[in-house]
Amino acid sequence: MSDPIALSFAGKTASADGVGVLFAEEGHKLTPAAQDLDKKTKGLLSRAAEIAGFKGRKDQTVDILAPQGLKFARLLLVGLEQPSTYGAEDWLNLGGTVRGLLSGREAPSAHIFLETAGGDVAPADIASFALGVLLRGYKFQKYKTKSRKKQDTGAEENDRTLKKIVIHCADPKAAAQAFAPVRGMAEGVALARDLVNEPANVLGPTEFAARAKALTKLGVQVELLGPKVLQKLGMGALLAVGQGSDRPSHVVVMQWKGAGVKGGDPIAIVGKGVTFDTGGISLKPAAGMEDMKGDMAGAACVVGLMHELAARKATVNVVGIIGLVENMPSGSAQRPGDVVTSMSGQTIEVLNTDAEGRMVLADCLWYAQKRFKPKAIVNLATLTGAVMVALGKEHAGLFSNNDELSERLTAAGRATGEKLWRLPLGAKYDKMIDSKVADMKNTGGKWGGSISAAQFLQRFIKDNTPWAHLDIAGTAMSSVDSEINRSWGSGFGVRLLDRLIADHYERH
Ligand code: BES
Ligand code: MN
Ligand code: ZN
């Protein structure tokens with residue numbers, strides 16, 4: 001749902017108009033392009049910088065309107081502080097910052113002269129910057145009818161609406177090459193955000209499944225498993241969660257075979273897709289319940305990731321599996337005390353119908369292993385409120401039976417800014433979910449709620465399968481404003497898992 005924006009690359013001296021974006025380092029050292037303009041305008045930039053107290057620090061900007069003798073309507077001078085210390089995430093965030101600065105200062109085109117005082121920016125960093133530009137451009141406003149003049153764009157359209165961004169750099173060809181996979185990434189993240197932002201009246205299990213089915217266009221093989229098939233498979237835990245809803249439960253299996261037969265067994269990515277979580281008979285309080293439209297963020301990430309992998313034709317075999325259910329209270333809803341049999345054959349005593357995500361995942365995880373024998377399995381779920389008590393909204397919780405996978409994920413988190421923090425698993429925690437009447441119960445008592453939830457999932461993982469569970473309740477929805485996102489859904493996990501796959505599972 002991002003505004004359609006034409007983003008391209010051009011040489012440093014290519015013609016430019018509209019909004020010109022220039023940079024300076026700490027101590028207001030202008031970049032060469034900024035120095036050029038300064039000369040052409042007899043010191044306009046440096047004078048304006050001085051008057052504004054601009055020192056080239058991050059978050060400092062100078063905004064100059066109608067600069068005399070130039071084609072630009074406006075010049076924006078942006079502080080880089082110390083770009084020599086930048087990593088990929090800094091370039092990404094800078095792109096987001098610049099896109100944010102452009103909004104409200106719009107002309108049909110913006111020209112960004114991306115360089116440092118000391119020299120050129122590497123193509124990979126330019127690509128990160130460009131991704132930041134695209135991600136920050138995302139808006140979810142399909143239900144804002146008042147500000148919509150044109151039906152199809154979602155944005156208020158006028159002759160000053162930004163339509164084109166050109167990034168000027170030393171080697172536009174190399175930049176364009178590095179940028180090639182970025183468009184698909186931006187689409188994948190936007191797709192995940194769209195799914196999370198969409199209200200639950202519009203997006204139930206069936207509608208969500210239809211959105212996943214659309215990946216077929218990109219060459220992903222998509223199978224929809226409806227309630228009858230799930231019944232036959234014996235997915236009693238997943239079906240129990242959905243049985244109170246009028247909307248039928250679904251599982252969607254998405255296969256991307258980018259590495260072919262030689263690529264061997266796939267990586268499996270499994271997502272919790274509770275399209276709305278009322279808590280069921282163990283009903284949640286009214287305050288904040290509306291947030292539970294985002295309880296499918298794990299599944300949204302899986303769909304966004306599959307889109308992104310297919311769009312950039314990743315050389316890897318990945319299977320995405322999502323469990324789509326709606327957790328409602330009704331005459332047909334499951335009750336506290338019910339005992340259900342999961343696909344694995346293990347029985348579950350349902351002590352709290354609000355601990356539903358683990359039941360959905362239990363059957364999806366089992367199915368993933370049984371059918372695909374994956375090399376590794378990663379699941380994502382808005383699983384527990386407790387993970388926010390532990391980690392806030394800065395890190396997602398990471399649980400794993402495998403140190404190598406855990407370290408790979410943590411490193412991917414650091415590289416992308418989608419950060420993870422590992423929490424423990426162990427036999428004593430596992431005991432917390434032993435049940436008197438069944439093989440296990442679906443809640444583990446008062447303390448360590450995120451851990452007992454993870455222990456529950458682990459009971460559905462075969463011993464030798466490397467597995468990681470990401471509890472994204474704090475990071476995927478109700479998002480804190482950032483340089484690259486101002487929407488409620490963040491799309492958390494798409495960039496993280498792309499990085500994990502690119503670094504460790506792709507055949508290069
Ligand atoms: N979907 C919720 C977890 C959640 C809470 C996600 C807040 C995002 C924001 C999950 O299904 C749930 O209700 N978990 C319970 C578990 C409890 C009943 C053992 C929780 O966290 O309170
Ligand atoms: Mn719940
Ligand atoms: Zn839930």
Side-chain angles (χ1 to χ4, degrees), residues 195-197 200 203-205 208 237-238 240-245 249 270-301 322-329 333-338 348-364 379-397 399 423 429 432-433 435 440-457 469-480 488-490 492-493:
L195 291 166
V196 174
N197 287 328
L203 197 74
F208 194 122
L238 181 144
V241 175
Q243 77 187 28
S245 172
S249 303
V270 177
K272 169 181 173 181
V274 177
T275 59
F276 196 79
D277 180 14
T278 63
I281 296 299
S282 312
L283 193 64
K284 284 181 183 296
M289 201 203 277
E290 65 276 12
D291 282 358
M292 288 301 114
K293 72 171 186 177
D295 208 19
M296 27 52 68
C301 169
I322 56 180
L324 301 170
V325 302
E326 185 179 51
N327 188 21
M328 296 293 269
Q334 63 173 340
R335 294 148 291 258
D338 283 4
I348 301 162
E349 183 190 13
V350 183
L351 286 186
N352 189 322
T353 64
D354 197 12
E356 85 297 341
R358 62 200 75 183
M359 297 176 65
V360 173
L361 287 171
D363 282 339
C364 291
N379 74 259
L380 303 100
T382 47
L383 203 63
T384 64
V387 82
M388 285 185 269
V389 177
L391 300 175
K393 298 180 78 73
E394 200 52 37
H395 288 83
F399 300 84
L423 294 167
Y429 291 117
M432 292 166 72
I433 53 168
S435 158
M440 70 195 86
K441 53 190 183 186
N442 77 333
T443 58
K446 192 168 177 188
W447 306 113
S450 301
I451 305 175
S452 52
Q455 292 294 165
F456 184 98
L457 300 183
H469 153 54
L470 310 181
D471 194 334
I472 60 172
T475 53
M477 59 198 223
S478 199
S479 307
V480 187
W488 189 78
S490 65
F492 185 95

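Just follow the structure's listing: the first ligand is 1, and inside any ligand the first atom is 1. No hydrogens, no waters, no symmetry mates; every other heavy atom, side chains included, goes into these values.
The ligand atoms of ligand 1 that sit less than 4.0 angstrom from a heavy atom of Thr443 are 19 (C). Atoms of ligand 1 found under 4.0 Å from any heavy atom of Gly385 (numbered from 1 in listed order, with element): 3 (C), 4 (C), 5 (C), 20 (C), 21 (O). Residue Thr382 has at least one heavy-atom neighbour below 4.0 Å for each of these atoms of ligand 1: 1 (N), 2 (C), 3 (C), 6 (C). Heavy-atom proximity to Met477, at under 4.0 Å, picks out these atoms of ligand 1: 8 (C), 9 (C). Ligand 1 places these atoms under 4.0 Å from at least one heavy atom of Ala473: 6 (C), 8 (C). Residue Glu356 approaches ligand 1 through these ligand atoms, each under 4.0 Å from one of its heavy atoms: 11 (O). Ligand-side atoms of ligand 1 in range of Lys272: 1 (N), 10 (C), 11 (O), range being under 4.0 angstrom from any heavy atom. Close approach of ligand 1 to Asp277 is summarised as follows: ligand atoms under 4.0 Å from at least one heavy atom of the residue are 1 (N), 2 (C), 10 (C), 11 (O), 13 (O).
In terms of distance to the Zn ion (ligand 3), the nearest N, O or S atom of Glu356 is named OE2.
Using a 4.5 Å cut-off on side-chain heavy atoms (C-beta onward), Val196 and Met296 make contact. When side chains are defined from C-beta on, Leu283 counts as touching Met289, because their heavy atoms get closer than 4.5 Å. Looking at heavy atoms from C-beta onward, Ser478 lies in side-chain contact with Trp488 at the 4.5 angstrom threshold. Residues Asn379 and Lys272 fail the side-chain proximity criterion, which asks for heavy atoms closer than 4.5 Å. In this structure, Pro336 and Asn352 have side chains that are not in contact, with every pair of non-hydrogen atoms separated by 4.5 Å or more. Contact of the Leu423 side chain with the Leu391 side chain is registered, since non-hydrogen atoms from C-beta on lie closer than 4.5 Å. The shortest side-chain heavy-atom distance between Met359 and Gln334 falls under the 4.5 Å cut-off. Residues Thr278 and Glu356 fail the side-chain proximity criterion, which asks for heavy atoms closer than 4.5 Å.
An N or O contact shorter than 3.5 Å links Asp354 to ligand 1 by distance. At a 3.5 angstrom cut-off on N or O pairs, Lys284 counts as close to ligand 1.
Residues Ala381 and His469 share a closest heavy-atom pair of CB-CE1, 4.5 Å. Between Ala200 and Thr275, the closest heavy-atom pair is CB-O, 3.5 Å.
No option in Ile322, Leu324, Val270 other than Val270 meets the side-chain contact (heavy atoms from CB on, under 4.5 Å) test with Cys364.
Comparing Val360, Leu383, Thr353 by heavy-atom distance to atom 10 (C) of ligand 1, the nearest is Leu383.
Taking backbone and side-chain atoms together, Asp354 has an N/O/S atom less than 2.8 Å away from the Mn ion (ligand 2). Not a single N/O/S atom of Val274, whether from backbone or side chain, sits less than 2.8 Å from the Zn ion (ligand 3).
Between the OD2 atom of Asp277 and the OE1 atom of Glu356, the angle taken at the Mn ion (ligand 2) works out to 100° after rounding to 10°. Rounding to 10 degrees, one finds that the Zn ion (ligand 3) sits at the corner of an angle of 90° between Asp277 OD2 and Asp295 OD2.
Ligand 1 has Asn352 within reach: a non-hydrogen atom of the residue lies less than 4.0 Å from it. Using a non-hydrogen distance threshold of 4.0 Å, Arg358 registers as a contact of ligand 1.
Going from atom CZ of Arg358 over to atom CG of Asp363 covers 14.5 Å, rounded to the nearest 0.5 Å.
Note that atom 22 (O) of ligand 1 has no protein non-hydrogen atoms nearby, at separations under 4.0 angstrom.
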